[in-house]
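FYI, the numbering just counts along the sequence from 1.
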Amino acid sequence: MNENEDYSGRMKAFAGIVVLVIVVLLSRAAYLQIYEGEYFQKLAEGNRIRIVPSMAPRGTFYDRNGEVLVTNRPGFTVSLLPLTEPISEEVIQRLSDLVKVPVDKIHEKIDAHHGFDPIRVKQDVTPDIVSIIEEQKDLYPGVVIEVQPIRNYILKQEGAHIFGYVSEINDEELEKKKDEGYKSGDIVGKFGLEKVYDKYLRGENGGEQVEVDVSGKPVRVLGLKEPQAGLDMQLTIDKNLQEAAEKAVDEQLAQIHASAAAAVVMNPQTGEILAMVSRPAFDPNLFAHGISSKDWAALNNNPFHPMDNKTISGEYPPGSTFKIVTGTAALTEGVVSPTEKILDTGHHWIIPKGNSEGEALGWINFTEALAHSDNVYFYEMGNRLGIDRLEKYGRMFGLGSRTGIDLPYEADGLVANKAYKKKWFEDGDWYLSETFDAAIGQGFNLVTPLQACMVMSEIAADGKRYKPHLVNSLTYPNGTLAMSFEPVLLSQLDTTPEIIKLVQDGLHDVTKYGTAASSFRGFPIDIAGKTGTAENPHGRDHGWFVAYGPFNNPSVCVAVIVENGGFGAQSAVPIGRKILEAAFGVNQPSAQENKKN
């Protein structure tokens, strides 16, 4: 083979390779254009189309009569929307100075951000900030103003512990809820009903499909999905009674120079909560637009803990209100008869424990002892029953465990028992004096105000214990019913109607000639009640009052505690009376007087 033939062969081989490469490229181009064209077209569209979400308004809260309690109002939110490139450090610093949010806080929000959702920097800003950003857009590229629904707690502090509050989701919550569709920047319920029913209240966010140019500036709206509002909620609360209860508590605290109290009002026949007050309180509106460090410090450093809902998380010795349990146990177990008289000399004959201020009532029977809250009589009931049977009946009434109310952070309380002492105390032996203490609601016994209300409600409802609840129904924004909540019967006291009637009569006598008689003299509605004074090792005693009415057909049960209030008859009874006045329309201003005011 000569040199020319060899060269000609190599050229033919090279030409063949070139032709093959061209054929492959043309085939690939044809494939991409014909078969994958639609896919790549969508990718190209994605480079210039963004989804800008809009927040759904949360559901509205109504009271049992349709009065608005919690709603939404329009507010302006400053957000970052980096459509094409990251927000510059210069813009971040400028924005930080304008809205008073630290640069590092803005960076935290940016770092936690995923996708194309707006990065919400500051909610509910003032109109002047909105004007500056809108008028100086060149200085704030990537900064947008969103109009968002802001939670509006119309009653401010009133009902705060019921409604709770909302705030921006944090990293820990997001980690738990990311599978439920929650995203960074979402507003979620953090406390109260807002937290418990968040998934129903939050609704479904909408958004705009926006076409942007190469600089990221929106050019036109291609599509719109309207946000779907959350479900509305009708509560069991009576707005007028709630306001009256709040006022009664505040006036009494001011009068006796106390700082903390709690009150709960319930229908004993259904478990519906009609009013619930905890003092001190807080304004949930502070959280709706991001609470300031100053406001948070004021709440967090308050020694009386305004963020605690004392009606369900405050645990107190029940004092003489526990004599309802002891009395029911003694009669049911047959350790005493209704007519047996026991001599009260001022002190018990086994252990020298006595009545307050050394009072001696002489020979008394069951109803007289309950009406006068006689310690010596109930010490003897504890002596005859023993701690195990006291524990049994305490648990039968539902004490020592949560009621199951639809609110977070409810406490269990504690029923005095041997096992508890053995577990937690070096000297685990049980002594008779501790049984005496337990029989009158002292020692290891602890209840929440709601649990105290439940005990009274069970007697009012002839032994039936209903689950307490705050929500009657959830409805769609168009008014269609989504779900309703019916009364739930939890248990029935294992005793006889005759014994319950004896306890009822003794509680009735409390307001007729007993420890609360002076406060209810001339009251037009028949009321049953029980006062209590709980010893407090950290200061002045706590004052208790539990009551229900009308006596023959109970529809309202109330429990009140005043921390460091002293005798219940002096501190808690006046609050209870005002609440009952409001519940039954006694001594209330007429509609005409209200109109004038």
Interatomic distance, Glu333 atom CD to Lys392 atom NZ [nearest 0.5 angstrom]: 4.5 Å
Where Phe366 and Gly327 come nearest, the two heavy atoms and their spacing: CE1-CA, 3.5 Å
Ser373/Ser320 under side-chain hydrogen bond (donor to acceptor under 3.5 Å, both in side chains): CA gap, chis, key distance, verdict: CA-CA 7 Å; Ser373 198; Ser320 291; 3.0 Å; yes
Cationic N near anionic O, under 4.0 Å, Glu246 to Arg279: yes
Salt bridge (Lys or Arg N to Asp or Glu O under 4.0 Å) assessment of Glu368 paired with Lys341: CA-CA 10 Å; Glu368 292 168 335; Lys341 288 184 177 286; 3.5 Å; yes
Thr367-Asn365 side chain donor-acceptor pair, cut-off 3.5 Å: yes
Spatial distance of atom OH (Tyr62) from atom OG1 (Thr71) [nearest 0.5 Å]: 7.0 Å
Heavy-atom closest pair, residues Val415 and Gly394: CG2-C, 4.3 Å
Nearest non-hydrogen partners of Ala516 and Phe545, listed with the distance: CB-CE1, 4.2 Å
Any side-chain heavy-atom pair of Leu474 and Phe485 under 4.5 Å: yes
Trace of the salt bridge (Lys or Arg N to Asp or Glu O under 4.0 Å) decision for Glu581 with Arg577: CA-CA 6 Å; Glu581 285 177 352; Arg577 171 167 176 139; 2.8 Å; yes
Candidate pair Lys353 and Glu535, rule salt bridge (Lys or Arg N to Asp or Glu O under 4.0 Å), full reasoning: CA-CA 14 Å; Lys353 285 177 173 289; Glu535 294 178 4; over 6 Å; no
Ion pair check, Asp526 and Lys512, cut-off under 4.0 Å: yes
Shortest non-hydrogen contact between Asp63 and Ile237, atoms and distance: CB-O, 3.2 Å
Heavy-atom side-chain contact between Met266 and Thr236 under 4.5 Å: no
Nearest non-hydrogen partners of Thr403 and Lys467, listed with the distance: O-CG, 4.0 Å
Close side-chain approach of Phe584 and Val556, heavy atoms under 4.5 Å: yes
Gln451 side-chain N/O to Asp412 backbone N/O, donor-acceptor pair under 3.5 Å: yes
Non-hydrogen side-chain atoms of Asn267 and Tyr466 separated by less than 4.5 Å: no
Ile579 side chain near Leu241 side chain, heavy-atom distance below 4.5 Å: yes
Candidates Asp509, Asn552, Asp462 - the one meeting side-chain hydrogen bond (donor to acceptor under 3.5 Å, both in side chains) with Gln504: Asp462
Parallel, tilted or perpendicular: rings of Phe444 and Trp430 (30°, 60°): tilted
Heavy atoms of other groups near Asp295 CG, more than 12 under 6.0 Å: yes
Sidechain N-carboxylate O distance under 4.0 Å for Lys190, Glu194: no
Backbone N/O of Ala416 and side chain of Asn445: donor-acceptor pair under 3.5 Å: yes
Contact summary for Ala439 and Phe322, nearest pair of heavy atoms: O-CD2, 3.9 Å
Tyr377 and His372, any side-chain heavy atoms less than 4.5 Å apart: no
Donor-acceptor pair, side chain of Glu315 and main chain of Gly413, under 3.5 angstrom: yes
Check: His469 main-chain N/O paired with Asp406 side-chain donor or acceptor under 3.5 Å: no
Close side-chain approach of Thr496 and Leu331, heavy atoms under 4.5 Å: no
Side chains of Phe163 and Arg151 in contact at under 4.5 Å (non-hydrogen atoms): no
Step-by-step salt bridge (Lys or Arg N to Asp or Glu O under 4.0 Å) determination, Lys501 to Asp505: CA-CA 6 Å; Lys501 182 66 167 61; Asp505 289 342; 2.9 Å; yes
Expected output: side-chain Gln442 to main-chain Pro317 donor-acceptor under 3.5 Å: no
Lys247 atom NZ, over 12 foreign heavy atoms within 6.0 Å: no
